[in-house]
2 protein chains.
Amino acid sequence: MDQALISQVRGFNRIVTQRVGALNDRFLARDRSLGEARLLWEIGAEGRDVRYLRALLELDSGYLSRLLRSLEAAGLVTVGPKQSDKRVRIARLTPSGSAERAVLDERSDELAASLLAPLNAGQRARLVAAMAEVERLLTAAMVEVAPIDPGHPDAQHCLHAYFSELDRRFDAGFDPALSIPADLEELRPPAGLFLVASLRADPIGCGGLKFRGKEPAEIKRMWVAESARGLGVGRRLLSELEDCAAEYGARAVRLETNRALAEAISLYRSAGYIEVAPFNDEPYAHHWFEKQITSAPT
Amino acid sequence: MDQALISQVRGFNRIVTQRVGALNDRFLARDRSLGEARLLWEIGAEGRDVRYLRALLELDSGYLSRLLRSLEAAGLVTVGPKQSDKRVRIARLTPSGSAERAVLDERSDELAASLLAPLNAGQRARLVAAMAEVERLLTAAMVEVAPIDPGHPDAQHCLHAYFSELDRRFDAGFDPALSIPADLEELRPPAGLFLVASLRADPIGCGGLKFRGKEPAEIKRMWVAESARGLGVGRRLLSELEDCAAEYGARAVRLETNRALAEAISLYRSAGYIEVAPFNDEPYAHHWFEKQITSAPT
DNA sequence: TCGAATCTCTGACTATAGTCAGAAAATGGA
DNA sequence: TCCATTTTCTGACTATAGTCAGAGATTCGA
C-alpha cells in the first residue's frame, strides 16, 4: 500500500487519539469507571439484551455480569428475564440510571463543543464536513462480511427485512408464495451459500448464492439495510459473492430483479453485469443480468 | 453552538475512539504493557530527560520510575544522570530498545494499513483527504495564544526566527540596526504587549503591540513558523492583537510591511486593513496599513 | 422426552495502571 | 554555609479490567 497514504493515516491517528480519544474517555467516566459508563450508555433508554451488550462491547460474559451487578447495586439498572426466552436477560435503566446517562450525554456535547470552540465559523464548517466523511468511510471499513447459516437469527433478520422491503416497494406488493422459492437448504453448503454483512453487532445486509453445477451460479436475496446505504456494502457483498462463486467453480453468475429496485439495477450495471434474456419465469422480475467471472487471485 | 455541528462531531468521536483509539492501543502494546510501549516510543532515538517524559505522558513520578526500572531490567533502556544537573536523569534506548521501537513503528504502519484495507481505491483516497483536513483543523484548534514577556525564551525564539526570515526574504537582506527598533521594554506592559502562539510545547508564532496613547496602536513582529502555516494562526494572532488594542482603548491599529511578504499583505487586506499613506519612515517598508477597530463584545 | 446448545452467573485468579507518603541526592539562593 | 526546592526513587497500597472454568436454568431439535 502507498506509503504516503499510510503516513497521512498515522498522522491522523496520532492527533485524534491525543485530542479526541483520551478526552473522550475522561469525559465519559464521571465518578464511575469507564467500563460502567460505557455500559450505562449502551443500555440506552429502551433497555438491551445482555447478550447483545456482550457482543456490542466485546466483553467477557463474566466481566459483563459483574459490571451489571455493580450498576444494579448502585440503583442505576435493573436486570430481568426476557419474556420470549427466559435464558436471556434484559438490562434496563432505572430513573436514576437515565439521569446519569443524561449527564453523560451532556458531557459528550461539551467535549464536542470544546473541539470546535477555538475555530472560526468557516473552519468549523470544514472540520465538520471532513469529520462526516471520515466517519462514513471508517464505518464502511468496519463492516464485516461473513458466510453464515441462513437459519441463523441474523440471517433470518435480514431475510425478513428483505421481504418486507420488497412488499413495500413493489407496485403490487410481494408474496413469497408466488415467487420462485429459495429454501434455506438451497442457500446452505454444499447447495449454496449465504453471506451476512454486519456492523458492530447488527446485521445490515445479506446475499445468497445457489450453485447450479456447470450453469452460472444464481445470486439471491441481495439486501442492504436503509441505515447502511451509501457505505458501499452492496458492492462489497456482490463482489464477495462473485469470489465465492468463482471459488466454487462457476464461470458466471446471474440474477433477476424488479424494476422498482433502481439503485440495485444501477449497482449491477456498474459492477459489470450485462442484461440478458430471461433465464427463469420469476413473476416479480423485469430484468435478468449475467456476469462472466474469472477466479483472479486477490 | 449549532446542535447539528455538535452531533456530527459526536458521531465522529464515537467511531474514531472505537476504530482508531482502541486499536491504536492494542497495536502499540506488543508483549509489553501499553504504558511501557508508550514510554519506549517517547524516549525516542535521542533519549529524553525523565522529567520531560513525566510531563509529556502526565505520569506519576513513582509510576514512571517503576516503568523505567522494568524497561531497564528487560535491557531496553539505560537511565543515567544528566551532566549539567545531576538530579535529572536521562533515559536512552539500548540497541535492543531501538529494535523494539522499530517494531512499534512497523505496527503503527500496519494499523494504518488495516484501516484502509477494506476500502477500494476511490474510498481510500477520499478517506485520506478527509483525514488530512481533520488533522489540520484539529491541530489548528490545539494552538494556544497567550501574552508572554518578550524576554521569555519562547518569545526570543520567535523573534530570532522572525529576523532571520526577513533577512532571507528581503531583496537586500535585513539589518535590525537600520530598521525602526522595538525594544523589549516597548513590547511589555504598560507600553505594549507581546503574544506567542504555541502548539503543544513549541512556540510557532508571535505578534507585538506598541501602544501610542490617542494614536492608533502599532502592530510589530508578526510571524508564523513555516511548519504552522495554513492553520489560520496569523489570522488568529492578528485578531487577538486587535482585541487587546481595543481593550487598551485604541480605536485603530496600524502596521507597515515589506512587499516581499505577499501572504502577510493579503492577510491584512482580507482582515479589513486599508492601505494608507506612510505614517513613519521605516526604510524596509513598502506598504502601510490601518484598520479601525471597535471593542465589540466577544 | 432426552440431550445438546445457549445464556447468564459465580468464584478464583491475574495483569495493568495507578496513588500516596516519604527518603535520598543534588542544586540554588540568601 | 544552610535551608528550601527539585528530582528521582522505593514501599505500600488501591482500582480497573480483565480471563477462565464450571454450574444452573432454559430452550430447541430429533
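If you're wondering where the values come from, they're calculated on a predicted model, not measured in any experiment. Labels below follow one simple rule: chain letters A, B, ... track the order of the sequence lines, proteins then strands, and each chain is numbered from 1.
As a whole-Å value, the separation of A:D149 CG from D:dG29 P is 12 Å. Atom pair B:R87:CZ and D:dT7:P shows a separation of 6 Å (rounding to whole Å applied). Rounded to an integer number of Å, the gap from CD of B:E58 to C1' of C:dA17 is 15 Å. Between the CG atom of A:L53 and the P atom of C:dC9 there is a distance of 11 Å, rounded to whole Å. With rounding to whole Å, A:L71 atom CG is found 12 Å from D:dT16 atom P. Rounded to whole Å, atom C1' of D:dA15 lies 13 Å from atom CG of A:L67. Atoms CG (A:L39) and P (D:dG18) sit 12 Å apart, rounded to a whole Å. In this structure, the CG atom of B:D85 is 11 Å from the C1' atom of C:dA25, given to the nearest Å.
Taking 3.5 Å as the limit, the base of C:dC7 and the side chain of A:S61 contain no donor-acceptor pair of atoms between them. Taking only distance into account, the side chain of B:R66 meets the base of D:dG11 through a donor-acceptor pair shorter than 3.5 Å.
Both A:K86 and B:Y63 lie close to DNA chain D; mapped to their nearest nucleotides by heavy-atom distance, the more 5′-ward contact belongs to B:Y63.
Considering CZ of B:R14 and OG1 of A:T139, their distance stands at 9.5 Å, rounded to 0.5 Å.
Taking side-chain N and O atoms only, A:R54 has no distance below 4.0 Å to OP1 or OP2 of C:dC7. Checking the phosphate oxygens (OP1, OP2) of D:dT8, no side-chain nitrogen or oxygen of B:R51 falls inside 4.0 Å. In this model, the phosphate group of D:dC9 is approached by a side-chain N or O of B:R89 to a distance below 4.0 Å at OP1 or OP2. Phosphate contact (OP1/OP2 of D:dC9, side-chain N/O of B:R69, threshold under 4.0 Å): present. Distances shown here put every side-chain N or O of B:S33 at or beyond 4.0 Å from the OP1 or OP2 atom of C:dA15.
Within 4.0 Å (heavy atoms only), B:L34 reaches sugar-phosphate atoms of the nucleic acid but no base atom. Within 4.0 Å (heavy atoms only), B:D60 reaches at least one base atom of the nucleic acid.
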Quiz item: Taking it one step at a time, do B:S70 and B:E36 satisfy side-chain hydrogen bond (donor to acceptor under 3.5 Å, both in side chains)?
Solution: CA-CA 8 Å; B:S70 151; B:E36 286 178 11; 2.5 Å; yes

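The side-chain heavy atoms of B:L39 and B:W41, taken from C-beta on, include no pair separated by under 4.5 Å. For the pair A:L71 and A:R32, the minimum side-chain heavy-atom distance is below 4.5 Å.
Nearest to the side chain of B:L59, among D:dT10, C:dG18, D:dT7, sits C:dG18.
A salt bridge links B:K82 and B:D49; the closest N-O separation between the charged side-chain nitrogens and carboxylate oxygens is under 4.0 Å.
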